[in-house]
Amino acid sequence: TISMAVIDKMGHIAAGTSTNGATFKVPGRVGDGPIAGSSAYADDEVGACGATGDGDIMMRFLPCYQVVESMRRGMEPKQAAADAVSRIARKYPDFVGAVFAINTKGEHAGACHNWTFQYSVRNANMDDVEVFTVEP
Amino acid sequence: MAPKKRPPLLLLLLLPLSLLSITVDAALGQAVVVSTWAFREATRAAWRAVDGGGSSAVDAVVAGCSACEELRCDGTVGPGGSPDENGETTLDALIMDGTTMEVGAVAGMRYVKDGIKAAKLVMDYTKHTLLVGEKASLFAISMGLPGPTNLSSPESIEKWNNWKENNCQPNFRKNVINGNSCGPYHPEFENSCDHGEERGSNILRVKSNSDVIGRHNHD
C-alpha cells in the first residue's frame, strides 16, 4: 500500500491511498484502503494522515481520522500518531500496522506496531526525498 | 453625545493570537509530500507535480500514487500483485480533498489498472464516495480509463500457484472445516467458533492476522 499526503503551496491538503490489498484474501474482501479515515484522511485546518498495515484490523479503528482529530485537539503529530496506534494495540496486541501524521506547519512523525516502519518526505528544504525510519 | 462603540476586550486580546496563527500557516507557503514506505519515486513524482508543476495537492497525490501503481511498489500497489484465493488481482484506492472534504474511492475494482485515477473520477464526476467491484470498473472505463485488462502478472500467478501447492496456506479462513487445505470450506458448528479472544484483566485482547501480514503483504 502507498498512502500519501500532500500540502500544496496554497496550503491545501490532500491525502490518498492505492493498494492491491492482502495476498490470498477471500475473494471480495476489501481492506482499509478505500475507507476515508482509515487508510488516509486530510483536513486543511489541521493536517493529514496516512496508514499501512493489516487493513482488516485498522479499518475497525479509523486511525487516520483519530490522528487528525487528535491534532485538532492540540496533539503534536508524534503524539497523535502514537496514540492512534496504541488504541489498536490495546485491543489487538499482535496487530501489524503504522501511521504517519503531518500538520499544517509541515511537522511530521510516524508510529508503528510490531514492525519497523519507514515513510518518505520531500519538502523545499531537502535536496531529494528523505526516508525516516520508525521503530516499534 | 453618544458613547463610542469599543471592541470587546476579549476580542482585542484574541486578535493577535489569531493573526499569529494565520501568519504561521501562510508563512509555510511551501509544498510538502509524505508517503508510507521508502517509495522514493512515487514521492518524487508527487513533488514534481506540486512543486515544479504547480499542481494542486489532489493532483499531486494522484501523480504520486499513479507512479507507484506503474512501478508496482513492493508488489503491494497496482496491478500484478497480491492475488486473492482465485489468483485475481483487484485494486482499492482513495482520494480525499482536505479543502472540500470530498472523497472518491474504488474498492475491489477489477480489470482497470489505474486505481487512484478511478478514485478521482468518482470524486470529480459523481456525488458518491465509494464504488465497488465490476461496477466500479465499468464506471472507470466509461469515464475514459483504459480497460478491461488482465491485472495478473507472471509473478502473481506464480505466487498463487506456489500457494496452492502449499495447500493454500496461509489463508484468512477461520472457524471452517478444511481450513488447512484448499477447501471447499464450510462453517464449523456454531458453538465451537473460536473468535480468537483472550480475556486478561479488564481488556479484551483479540488475535489478528499477524502470522500473515508482513512487509510484502499488507494494506
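Every chain is numbered from 1 and lettered A, B, ... according to where its sequence line falls, protein lines coming before strand lines. Source: prediction; values computed, not measured.
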For the atom pair [atom1] ([X]) and [atom2] ([Y]), what is the distance rounded to the nearest 0.5 Å?
X	Y	atom1	atom2	answer
Asp44(A)	Thr100(B)	CG	OG1	8.5 Å
Ile7(A)	Gln30(B)	CD1	CD	11.0 Å
Ser18(A)	Lys117(B)	OG	NZ	11.0 Å
Asp43(A)	Met96(B)	CG	CE	7.0 Å

*asked:* Counting only heavy atoms not in Met101(B) (residues, nucleotides, ligands), do more than 12 fall under 6.0 Å from its CE?
replied: yes
*So with a 6.0 Å cut-off around NZ of Lys135(B), is the heavy-atom count from everything else above 12?*
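No.
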_Heavy-atom pairs under 4.5 Å with chain A: which of Ser156(B), Ala93(B), Ala105(B), Ser35(B) has the most?_
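Going by pairs under 4.5 Å, I would pick Ser35(B).
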*For chain A, the option from Val103(B), Ile95(B), Val77(B) that forms the most heavy-atom pairs under 4.5 Å*: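 Highest number of heavy-atom pairs under 4.5 Å: Val77(B).
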*Residue list, side-chain hydrogen bond (donor to acceptor under 3.5 Å, both in side chains) with Asn20(A), at least two apart or on another chain*: Ser82(B)
Minimum heavy-atom separation for [X] and [Y], please, with both atom names.
X	Y	answer
Ala38(B)	Ser120(A)	CA-OG, 3.4 Å
Ala40(A)	Leu94(B)	CB-CD2, 3.9 Å
Phe172(B)	Val26(A)	CB-CG2, 4.4 Å
Asp92(B)	Gly31(A)	OD2-N, 4.0 Å

Measure the shortest side-chain to side-chain distance between [X] and [Y] over non-hydrogen atoms and say whether it is less than 4.5 angstrom.
X	Y	value
Thr90(B)	Lys25(A)	yes
Val34(B)	Met4(A)	no
Lys159(B)	Thr23(A)	yes
Thr43(B)	Val121(A)	no

*Scan residues 23-76 of chain A for pairs that pass ring-ring contact (aromatic ring centres under 6.0 Å, His included), counting only residues two or more places apart or in two chains.*
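As it turns out, the ring-ring contact (aromatic ring centres under 6.0 Å, His included) pairs with a partner in residues 23-76 of chain A, which skip direct neighbours, are Phe24(A)-Trp163(B), Tyr41(A)-Tyr65(A), Phe61(A)-Tyr92(A).
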Top contributor to chain B contacts, counting heavy-atom pairs under 4.5 Å, from [options]:
options	answer
Ala124(A), Ala36(A), Gly97(A), Gly53(A)	Gly53(A)
Gly11(A), Gly55(A), Pro27(A)	Pro27(A)
Ala14(A), Gly47(A), Ala51(A)	Ala14(A)

*Check: Ser3(A) main-chain N/O paired with Thr36(B) side-chain donor or acceptor under 3.5 Å*: yes
_Using only atom types and a distance under 3.5 Å, with no angle test, would you say the side chain of Thr76(B) pairs donor to acceptor with the backbone of Thr1(A)?_
yes
*Check the side chains of Thr52(A) and Trp37(B) for a donor-acceptor pair under 3.5 angstrom, ignoring hydrogens and angles.*
yes
Non-hydrogen atoms of chain A under 4.5 Å away: do they reach the side chain of [X], the backbone, both or neither?
X	answer
Thr89(B)	side chain
Val106(B)	backbone
Leu130(B)	side chain

_Residues from residues 60-70 of chain B approaching chain A under 4.5 Å (heavy atoms)_ = Ala60(B), Val61(B), Gly64(B), Cys65(B), Cys68(B), Glu69(B)
*Using non-hydrogen atoms and a limit below 4.5 Å, what part of residues 45-57 of chain B faces chain A?*
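The list, in residue order, reads Ala46(B), Trp47(B), Val50(B), Asp51(B), Ser55(B), Ser56(B), Ala57(B).
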*asked:* Using heavy-atom distances under 4.5 Å, tell me whether Ala48(A) contacts chain B through its side chain, its backbone, both, or neither.
replied: neither
*Is chain B contacted by the side chain of Thr116(A), its backbone, both, or neither, given a heavy-atom distance below 4.5 Å?*
backbone
*Might you work through the salt bridge (Lys or Arg N to Asp or Glu O under 4.0 Å) test for Asp128(A) and Arg40(B), ending with a clear yes or no?*
CA-CA 9 Å; Asp128(A) 194 5; Arg40(B) 295 171 195 268; 5.8 Å; no
*asked:* Assess the residue pair Cys73(B) and Ile2(A) against the criterion (side chain to side chain contact (heavy atoms under 4.5 Å, CB included)); give the C-alpha distance rounded to whole Å, side-chain angles, the decisive distance to 0.1 Å, and a yes or no.
replied: CA-CA 8 Å; Cys73(B) 293; Ile2(A) 183 170; 5.5 Å; no
*Salt bridge flag under 4.0 Å for residues Arg29(A) and Asp219(B)*: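 Counted as a salt bridge, because a side-chain N and a carboxylate O are separated by less than 4.0 Å.
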